[in-house]
Amino acid sequence: MREVHDLIRRVADTDVTVLIRGESGTGKELVARAIHSASPRRHRPFVKVNCAALPLELLESELFGFERGAFTGAIQHKPGKFEFAHQGTMFLDEISEMQPHLQSKLLQVLQDGQFARLGGRGDVRVDVRIVTATNRDLETAVANAQFREDLYFRVNVVCITLPPLRQRRDEIPLLTDLFVKRYAEHYNKPELTLSSETRRLFDEYDWPGNVRELENLVKRAVVLGSEHGLCRDLTDAIHGRTMHTSGIPLLTPRPAPAAAPVTSFAPAAPTPAPVTAPGSSPAVLSGSLKDIARQAAREAERTLINRTLQQTRWNRREAAEILGISYKALLYKIKEAELDKAS
């Protein structure tokens with residue numbers, strides 16, 4: 001992590017593009033914000049866009065804006081995120097999920113500092129420093145023609161790789177105390193004192209969800225005002241059993257060791273089992289293995305979102321915090337899963 005801090009310090013005062021790599025939940029956005037805060041652009045906007053949270057059509061209009069009449073419903077001109085980030089920093093999270101069409105437009109912005117709005121006749125010029133992040137192996141994506149090679153070289157001028165939490169265990173006690181204090185103040189709760197047994201198990205757990213998983217676990221404990229059942233859940237997760245607290249999956253079981261090492265930036269996860277929404281009959285899975293995996297993942301995600309919304313009495317902002325996603329992303333997922341109709 002000292003190397004990470006040193007790289008941030010050395011690149012902050014330049015306009016060079018930076019690629020931040022690491023597993024989900026390691027703090028890539030915090031690194032991007034640290035680069036912006038230490039740069040000459042710190043008094044200008046820092047604009048974040050999650051490329052995986054929006055479908056292609058919405059993402060393009062979100063990034064580049066549109067003119068009146070560009071499409072059905074475009075009743076007035078709307079500037080895009082790049083215009084809002086003028087003279088500031090644009091953080092493109094999950095850059096690997098961007099579709100080829102948008103990759104071409106992003107390449108033009110990096111090369112010429114200009115782009116065209118949807119339905120626009122002329123180009124818009126902007127001065128934006130771009131920082132990107134991914135949890136995927138971009139080299140493999142380039143080899144599989146899923147990511148443009150020329151764009152890869154453009155965004156990968158300086159690369160900062162964040163180690164997973166299991167490789168920096170000395171930070172766990174510090175982060176735990178930070179999150180206890182933060183959420184006790186945020187939710188107006190007394191500061192929770194974790195037992196030595198819980199802290200020992202914190203140190204043994206592999207944290208496949210990294211810092212975000214630790215943060216959410218501490219947040220739930222603070223909100224509930226107790227670590228009751230926490231030791232049991234941690235012990236079961238360490239030994240490969242998934243435990244649930246209040247009907248919501250709390251921890252990810254430690255994955256079984258693979259037959260051969262696999263190089264990947266994405267955290268390993270157990271194969272999801274078919275999950276059904278409360279009160280519904282078991283889902284019928286059919287088709288290829290890929291189709292079955294996608295269908296099971298959708299069912300599991302729908303169930304988790306539904307249970308979290310029920311727990312928060314449909315307070316969407318609180319549910320988004322618990323799930324570790326943005327409010328806008330949660331609204332999109334609720335609509336996609338048709339949970340708004342079910343409510």
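Position 1 is the first residue of the sequence, and the numbers go up from there.
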Can you name the side chain to side chain donor-acceptor pair (under 3.5 Å) partners of [X], sequence neighbours left out?
| X | answer |
| --- | --- |
| T89 | H36 |
| D150 | R148 |
| E29 | R33, K48 |

Transitive ILVMFWY side-chain link [X] to [Y], under 4.5 Å:
| X | Y | value |
| --- | --- | --- |
| L178 | M1 | no |
| L30 | L175 | no |
| V31 | L138 | no |
| Y152 | V109 | yes |

Give a yes or no on whether a salt bridge exists between [X] and [Y], defined as a side-chain N under 4.0 angstrom from a carboxylate O.
| X | Y | value |
| --- | --- | --- |
| D13 | R42 | no |
| R21 | E139 | yes |
| R200 | D203 | no |

Inset, instruction - Indicate the ring-plane relationship of F82 and F64, choosing parallel, tilted or perpendicular according to the 30° and 60° boundaries. - result: parallel

Legend entry - Neighbour count >12 (heavy atoms, 6.0 Å) for atom CG, N188: no

Legend entry - Within 6.0 angstrom of Q310 CD, more than 12 heavy atoms from elsewhere: yes

Inset, instruction - Given side-chain contact (heavy atoms from CB on, under 4.5 Å), test L106 with L92 step by step and report yes or no. - result: CA-CA 10 Å; L106 177 59; L92 297 175; 3.8 Å; yes

